[in-house]
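Hydrogens, waters and symmetry mates play no part in the numbers below; they use all other heavy atoms, side chains included. Model, not experiment: these values are computed from the prediction. Throughout, protein chains are lettered first and strands after them, A, B, ... in sequence-line order, and every chain is numbered starting at 1.
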Amino acid sequence: MQEKYLPTEIEQAAQAYWNTSQTFRAAATADLTNSRPKYYCLSMFPYPSGKLHMGHVRNYTIGDVLSRYHRMKGYNVLQPMGWDAFGLPAENAAMQNKVPPAKWTWDNIAYMKKQLQSLGFALDWERELATCAPEYYKWNQWLFLRMLEKGIAYKKTQVVNWDPVDQTVLANEQVIEGRGWRTGAVVEKREIPGYYLAITQYADELLSALDTLPGWPERVKTMQANWIGKSTGVRFAFPYELPATGGTNLPSPSRGGIEGGDGVSTANNPSPSLALPLEGEGHVQSASGTEKGLLWVFTTRADTIMGVTFCAVAAEHPLATYAAQTNPQLAAFIDECKHGSVMEADMATMEKKGMPTGIFVDHPLTGEKVEVWVGNYVLMSYGEGAVMAVPAHDERDFEFAKKYGLGIKQVIENAGLRGELAKALLDGRLTEKGKQELEASYTNTAFTTNHWQQWYGDKANGVCVNSGKYDGLGLEAAVTAIAADLKAKDLGDTQVQYRLRDWGVSRQRYWGCPIPLIHCDACGTVPVPDEQLPVKLPEDCVPDGSGNPLAKRADFVDCACPQCGKPAKRETDTMDTFVDSSWYYARYCVDPTTRAANSAMVDAGTNHWMPADQYIGGIEHAILHLLYSRFWTKVMRDITVDGKRLVNYDEPFANLLTQGMVLNHIFSRRTDKGGIEYFAPEEVDLKRDEGGHVIGATSKADGQPVDYGGVGTMSKSKRNGVDPQSLIDEFGADTARFFMMFASPPEQTLEWSDSGVEGAYRFLRRVWAFGHAEQPAIAARAAMPAKLPEPLAAVRREIHLLLKQANYDLGKFQFNTVASAAMKMLNSLEKIPAGNGRDAVVAECFGILLRILSPITPHICHALWIELGFGADILDAAWPEPLAEALVQDEEELVLQVNGKHRGNIRVKAGADRAAIEAAALAAEAAQKFMEGKPAKKVVVVPGRLVNIVV
RNA sequence: GCCCGGGUGGUGAAAUUGGUAGACACAAGGGACUUAAAAUCCCUCGGCGCAAGCCAUACCGGUUCGAUUCCGGUUCCGGGCACCA
């Protein structure tokens with residue numbers, strides 16, 4: 001046995017052993033019936049950006065710890081890995097380096113695979129997959145066609161960021177303060193056709209099924225529920241009458257058309273129903289030369305309907321378009337609204353602007369005239385593209401009304417809050433400061449001196465005022481009454497609405513999965529026949545930033561129509577990369593032989609391994625990726641082939657661990673064209689204040705200042721990722737893994753710093769040194785004496801207590817304290833006294849330490865297990881459990897408090913009853929001193945923990 | 001702006017979920033060993049105070065015998081906001 005700890009040697013040997021014995025190869029379909037319970041441990045697959053970063057190390061070490069732990073607990077474990085290989089960064093790299101995205105991606109995969117292997121993860125590489133491989137994305141295409149048949153996939157227009165200079169669609173990330181990142185041109189909103197997946201058809205199930213996921217973090221379920229945003233409200237209409245136009249120049253709704261009629265619109269995303277030309281919405285040309293129409297809106301607060309003072313519609317709304325025909329100023333304003341970003345965060349924070357249309361509609365209940373405004377904050381894609389405005393009680397409407405001098409009418413009052421405040425003040429229990437606090441909390445409002453908005457927010461206590469017959473009604477009663485009255489007039493009804501919108505999957509990009517459709521002049525849009533799948537993406541394109549390179553490839557575009565055989569054009573849009581990542585986990589499960597034949601998307605292996613027993617990945621995926629995966633799963637469940645469902649489970653991930661982000665400093669500088677250039681942390685010199693906080697930085701290259709952007713997620717685009725390779729090269733994989741797990745609990749955000757790596761390395765050296773020094777003692781395999789001398793019993797008890805704690809912490813995924821327990825074990829063992837049974841205690845306890853540590857630092861534990869003769873493979877050893885005989889003790893120590901303050905400790909017999917503890921406490925010297933002769937009013941006893949004397 | 005988290009020593013963090021605040025480490029300082037360095041080992045290490053003790057878990061309040069933990073408010077930081085993945 002080597003005296004020195006040599007990580008490189010140890011790690012290479014261990015990895016070679018795992019490779020040759022195929023230790024981590026999961027059982028194939030034929031063996032799936034073996035009696036061990038399955039444990040499918042899944043980590044979110046990486047985007048092959050070039051190198052691993054610390055977030056990957058964190059993510060995959062967590063997965064590996066869980067995999068190895070469950071394997072030792074007797075589970076049949078599957079832990080696969082793959083590559084989320086399509087995406088924008090490959091195209092950016094192509095523009096920069098003139099290398100095809102395919103080559104760049106495959107090279108990155110090869111390098112990152114080596115890095116993963118050098119970290120010793122227990123992965124079944126036989127099941128590796130890359131989403132850019134035709135044999136994988138073939139099934140994206142196949143399932144897309146099934147969705148088209150079922151009406152889950154359909155076509156409508158979508159709003160995109162358009163760079164007028166590069167003539168290309170920009171991702172949100174490529175829009176910097178309203179301008180294109182490469183050209184600096186002001187970005188325009190443009191409506192283009194695209195394909196959507198009707199996730200709203202599953203909105204209800206996606207929401208209610210959250211209750212079937214007890215293994216998911218509460219916060220993720222809350223975020224998903226809020227995202228789906230189910231609300232019951234009232235959809236109602238404001239009737240209006242306009243001068244007749246003959247209907248010819250009245251605008252059509254800008255969306256909702258579904259090509260070929262094989263798609264379906266969804267109940268929850270109705271077409272904008274205002275539009276004059278639509279049938280069944282009250283559009284009637286009357287004899288008097290006017291046309292009647294209905295302006296539909298949706299509200300969750302119909303109780304405030306009597307406070308409506310105006311309506312606001314989106315710039316793309318047909319009424320706006322209609323009014324603009326005769327109003328050049330309005331037309332200019334509508335045009336202005338088309339500039340700028342499509343992002344919700346920008347929409348919500350931009351200055352609210354509007355302009356009157358000159359059109360008045362009738363209030364459906366009072367008949368009063370209500371003016372229609374165009375508002376830049378109203379989105380055509382939400383609800384009806386129009387809203388009622390109640391400035392008295394809605395902050396956004398208030399801001400708008402104040403700015404344009406529109407009416408404000410209070411219709412909600414809250415007696416409850418007023419009463420509560422009065423009661424609290426009269427009660428007298430509040431201090432003067434407390435009173436002020438309470439008052440401030442009721443009066444602190446950013447935009448008005450009254451309480452109207454707060455009364456609106458306090459749904460339990462608001463009542464209607466200034467609302468005629470609805471006066472005095474609470475929220476629910478008022479909504480019910482108002483909805484009934486609207487219904488009686490045939491002008492509205494209650495409706496369930498979702499915030500969730502259908503999933504637009506078309507991308508005007510090259511490096512993605514081609515959408516398998518063909519456009520024929522004679523036959524229209526025709527699906528590519530299944531037997532012609534996959535539609536392969538040419539792999540030698542080098543995008544240049546303008547337009548979609550696929551459209552320029554005649555060899556891709558030109559094809560024969562599958563229906564009539566005449567020349568036709570292939571669809572050049574590709575799919576959103578979220579499609580790729582929505583089902584990769586099901587593909588890992590496919591038996592390798594089935595996969596080689598590639599005649600099916602999934603097989604029996606999928607139903608065996610799925611749902612994944614544990615999914616691990618960054619919290620940034622809490623909504624989109626996880627929701628899309630859940631949706632995709634339900635679609636696969638509902639699609640049948642030969643009368644059989646594709647999969648037989650409802651949810652893809654039984655348990656979810658959301659890893660906290662690994663953050664690092666971000667440095668950037670604006671380019672001449674208005675874009676952003678990022679600097680890696682090693683390229684800048686930091687300026688810090690006295691407290692050590694970063695306040696600025698300069699570029700090492702040119703000495704000029706760069707902007708400090710605070711800390712944020714490690715990412716390729718922000719260039720702030722830290723490559724773990726130097727860490728692995730210098731200290732080894734075990735140190736990197738141990739350090740990462742010890743640094744903080746997995747769900748917590750972690751600001752990157754490598755201070756502490758030395759400590760991890762030092763600890764592993766001590767583990768090795770202890771094993772080396774005690775080799776003879778351990779190899780002797782001495783029997784444990786029936787009665788150990790107390791000093792040795794104490795060490796043994798301590799190790800078993802730590803083991804108990806470590807096992808508890810493992811169940812909570814709290815790996816940092818497991819690592820800490822291992823360190824405490826070694827601290828104890830290093831001080832073990834001599835005595836009868838010492839060698840037996842050392843052997844037993846060090847064996848526990850190695851097994852506890854082995855999921856985190858598998859290489860060193862593998863080597864020591866063999867060197868010290870514990871067994872052939874530590875992975876085959878049973879997981880240690882604390883022994884009752886080792887834990888027994890005669891006395892226990894309790895904390896002694898007087899009036900809640902710690903005043904000392906008392907020792908009592910283990911398991912002493914309350915009376916005995918109380919007596920011992922009152923007799924204690926420290927208690928006597930602080931009770932100052934006063935009698936005990938009350939004695940609180942917490943068995944095994946503390947006793948508190950109240951005087 | 002909206003939704004979801006988080007804030008504890010110089011630093012990463014712990015506290016068996018209402019019961020000794022700061023375990024275990026890192027950094028720093030002091031010492032031992034050494035010709036020297038590295039490595040290793042020992043000691044100190046939240047603030048104030050000679051001490052008894054007092055103060056202290058972002059800030060302001062509340063509940064409780066007892067609050068890092070529960071409640072109300074504020075503030076700062078992070079994640080998401082539908083074309084980054």
Side-chain angles (χ1 to χ4, degrees), chain A residues 44 46-47 49 84 87-89 158 160-161 169-175 217 219-220 222-223 226-227 229 342-350 381 395-396 429-431 433-434 436-438 440-441 444 500-501 503-504 506-509 576-578 581 618-625 627 660-661 663 691-692 710-713 715-718 742-745 747-751 753 755-760 762-763 765-766 769 804-805 808-809 812 814 816-817 819-824 827 894-897 899-902 904-905 937-940 942 945-950:
Chain A
M44 290 184 188
Y47 178 79
S49 58
D84 189 10
L88 204 52
Q158 51 179 349
V160 295
N161 303 303
V169 176
L170 297 179
N172 285 338
E173 191 186 58
Q174 299 170 317
V175 180
R219 65 163 154 161
V220 174
T222 306
M223 281 191 261
N226 290 342
W227 183 263
V342 298
M343 281 179 271
E344 191 192 304
D346 292 338
M347 299 294 284
T349 50
M350 73 186 174
S381 48
E395 189 167 339
R396 193 177 54 185
R429 279 196 307 165
L430 282 178
T431 60
K433 195 145 196 187
Q436 285 166 10
E437 281 288 325
L438 195 59
S441 75
N444 177 9
L500 183 67
R501 310 199 304 258
W503 174 14
S506 292
R507 297 291 180 271
Q508 296 68 46
R509 287 189 216 303
D576 180 5
T577 55
F578 273 122
S581 56
I619 184 66
E620 78 273 24
H621 293 296
I623 297 174
L624 292 178
H625 162 63
L627 193 64
M661 304 282 78
L663 311 180
V711 290
T713 315
S715 77
K716 174 95 182 168
S717 62
K718 291 184 181 137
F742 183 60
S744 82
E747 304 215 276
Q748 196 161 305
T749 303
L750 178 64
E751 226 174 280
S753 156
S755 75
V757 173
E758 293 269 5
R762 198 176 299 152
F763 168 66
R765 269 201 315 249
R766 277 169 57 209
K804 194 177 168 191
Q805 182 67 47
Y808 177 81
D809 290 347
K812 292 196 301 178
Q814 200 167 298
N816 56 330
T817 49
S820 163
M823 291 175 129
K824 289 175 184 174
N827 289 346
L894 297 181
V895 167
L896 173 64
Q897 293 185 336
N899 284 337
K901 279 193 196 296
H902 181 204
N905 296 333
K937 218 192 280 176
K938 183 175 168 187
V939 180
V940 181
V942 184
R945 197 164 289 264
L946 68 58
V947 46
N948 183 19
I949 302 167
V950 185

Base, sugar-phosphate alone, or nothing: which one does [X] contact when heavy atoms must sit under 4.0 Å apart?
X	result
A:W227	base
A:A622	nothing
A:S581	nothing
A:L946	base
A:V757	nothing
A:N948	base
A:V160	base
A:K804	nothing
A:T349	base
A:P745	sugar-phosphate
A:H621	base
A:L624	base
A:G660	nothing

For A:R396, salt bridge (Lys or Arg N to Asp or Glu O under 4.0 Å) partners two or more places apart: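 A:R396: no salt bridge (Lys or Arg N to Asp or Glu O under 4.0 Å) contacts found.
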The criterion is side-chain contact (heavy atoms from CB on, under 4.5 Å); which residues satisfy it with [X], sequence neighbours excluded?
X	answer
A:Q174	A:L88, A:N92, A:L170, A:A171, A:W181, A:R509
A:T749	A:L663
A:R219	A:P217, A:M223, A:I619, A:T658, A:E747
A:K824	A:L802, A:S820

From A:R765 CZ over to A:R762 CZ, what is the distance, rounded to the nearest 0.5 angstrom?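 Going from CZ on A:R765 over to CZ on A:R762, the span is 7.0 Å.
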Measure the CG-CE distance between A:L750 and A:M661 for me, rounded to the nearest 0.5 Å.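 Between atom CG of A:L750 and atom CE of A:M661 there are 10.5 Å.
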With sequence neighbours excluded, residues passing ring pair (Phe, Tyr, Trp, His ring centres under 6.0 Å) with A:F742: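 By the ring pair (Phe, Tyr, Trp, His ring centres under 6.0 Å) rule, A:F742 matches A:F738.
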Looking at [X], does any N or O in its side chain come under 4.0 Å of the phosphate oxygens OP1/OP2 on [N]?
X	N	answer
A:K901	B:rC55	yes
A:T817	B:rC24	no
A:S753	B:rG12	no

With the side chain of [X] defined as its heavy atoms from C-beta on, choose the nearest nucleotide among [options].
X	options	answer
A:A345	B:rA14, B:rC81, B:rC54	B:rC81
A:L88	B:rC81, B:rC84, B:rC24	B:rC84
A:Q897	B:rG19, B:rC24, B:rG78	B:rG19

Going by the rule side-chain hydrogen bond (donor to acceptor under 3.5 Å, both in side chains), which residues pair with [X] if we only count those two or more places apart in sequence or in a different chain?
X	result
A:Q158	none
A:N226	none
A:S755	A:S753

Rounded interatomic separation in angstrom, taking [atom1] from [X] and [atom2] from [N]:
X	N	atom1	atom2	answer
A:L896	B:rG19	CG	P	18 Å
A:E751	B:rU11	CD	P	11 Å
A:H902	B:rA67	NE2	P	15 Å
A:K824	B:rG22	NZ	C1'	12 Å
A:I623	B:rG80	CD1	C1'	5 Å
A:M343	B:rG79	CE	P	15 Å
A:Q814	B:rU17	CD	C1'	11 Å
A:D809	B:rC24	CG	C1'	12 Å

Identify the pairs formed between an N or O of the protein and an N or O of nucleotides 4-9 of chain B at a distance under 3.5 Å, and give each distance.
residue	atom	partner	partner atom	Å
B:rG5	O2'	A:R219	NH1	3.3

A:S744 versus A:N816, side-chain donor and acceptor atoms under 3.5 Å: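 Per modelled atom types, A:N816 and A:S744 side chains form no pair under 3.5 Å.
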Measuring only the [atom1] atom in each nucleotide, how far is [N] from [M]? A whole number of Å is fine.
N	M	atom1	value
B:rC43	B:rA23	P	14 Å
B:rG1	B:rA21	C1'	38 Å
B:rU68	B:rC81	C1'	32 Å
B:rC60	B:rU75	P	15 Å
B:rG7	B:rA51	P	33 Å
B:rC70	B:rU17	P	13 Å
B:rA32	B:rG79	C1'	50 Å
B:rA39	B:rC26	P	12 Å

Which is it for B:rG9, anti or syn, if anything within 90° of zero counts as syn?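 The base of B:rG9 is oriented syn (glycosidic angle within 90° of 0).
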Anything under 3.5 Å between a protein N or O and an N or O of nucleotides 40-43 of chain B, put it in a table, one pair a line.
residue	atom	partner	partner atom	Å
B:rU40	OP1	A:R765	NH2	2.6

Assuming nearest nucleotide by heavy-atom distance, tell me which of A:G710 and A:G504 is located more 5' along RNA chain B.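 Comparing both residues, the 5'-ward one is A:G710.
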Between A:K718 and A:F578, which has a closest nucleotide on RNA chain B that is more 5'?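 Upstream on the strand: A:K718.
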Return one dot-bracket line describing RNA chain B 5' to 3' (Watson-Crick or G-U wobble pairs, both distances under 3.5 Å; ( ) same strand, [ ] crossing, | another strand, . none). (((((((..(((......[....))).(((((.......))))).(((....)))..(((((..]....))))))))))))....
Specify the closest pair of heavy atoms between A:S715 and A:K718, including all atoms of both residues, with the distance to one decimal.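 So the two residues come closest at OG-N, 3.2 Å.
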Tell me if a side-chain donor or acceptor on A:K716 pairs with a main-chain N or O of A:S49 at a distance below 3.5 Å.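 Flag set: sc A:K716 to bb A:S49 pair under 3.5 Å.
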A:W503/A:D576 under side chain to side chain contact (heavy atoms under 4.5 Å, CB included): CA gap, chis, key distance, verdict: CA-CA 9 Å; A:W503 174 14; A:D576 180 5; 2.9 Å; yes
